[in-house]
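As structure tokens, the structure follows; a few thoughts come after it.
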Amino acid sequence: MRMPTPLKRKPSQNILDGGLTAVRTGIAQHMIGKAVDLLTGSRKVLHGIVTGVTTEAGKPKIVVNGHRYDMNQILTVLPPSFA
């Protein structure tokens, strides 16, 4: 009797991306109410409080001072009492 060869499966990139997006969204939501410093230009830093989270093209963005910013623009995150 011949044993079947186990299938070699690779995780789907979409599944991995979806899991990573869920983690990033959770992190972004946890930052609501926190003070952040954001890099908004080549030498421009913005300070503000995270007031919300949106999703654009499947990627979370934090809302600070009414504008949306990518997670990779965050330089620091502090409780608002330390800001």
Worksheet item: Do Tyr69 and Val36 have side chains that get closer than 4.5 Å, going by heavy atoms?
Response: no
Worksheet entry | Candidate list Val53, Ile74, Val64, test side chain to side chain contact (heavy atoms under 4.5 Å, CB included), partner Met31, passing option | Ile74
Item to complete: Find out if a path of hydrophobic residues (ILVMFWY) with successive side-chain heavy-atom gaps under 4.5 Å connects Leu78 to Val63.
Response: no
Worksheet item: For atom NZ of Lys59, is the number of surrounding heavy atoms from other residues, nucleotides or ligands below 6.0 Å larger than 12?
Response: no
Practice prompt. Would you name the heavy atoms of Ile49 and Pro80 that are closest together and state the gap between them?
Written response: CD1-CB, 4.0 Å
Worksheet item: Would a hydrophobic clustering, with Ile, Leu, Val, Met, Phe, Trp and Tyr connected at side-chain separations under 4.5 Å, put Val50 with Val77?
Response: yes
Practice prompt. Measure across Lys34 and Pro79 and return the closest heavy-atom pair with its distance rounded to 0.1 Å.
Written response: CD-CA, 4.1 Å
Worksheet entry | Minimal non-hydrogen separation, Pro60 against Met71, with atom names | O-CG, 3.7 Å
Worksheet item: Quick one: CZ on Arg68 to OG1 on Thr55, what's the gap to the nearest 0.5 Å?
Response: 10.5 Å
Worksheet item: Which value, rounded to the nearest 0.5 Å, describes the distance between Leu46 atom CG and Asp37 atom CG?
Response: 8.0 Å
Worksheet item: Just wondering, do His67 and Thr40 contact through their side chains at under 4.5 Å, heavy atoms?
Response: no
Item to complete: Rounded to the nearest 0.5 Å, what's the gap from CD1 on Ile62 to CG on Asp70? Could you check?
Response: 9.0 Å
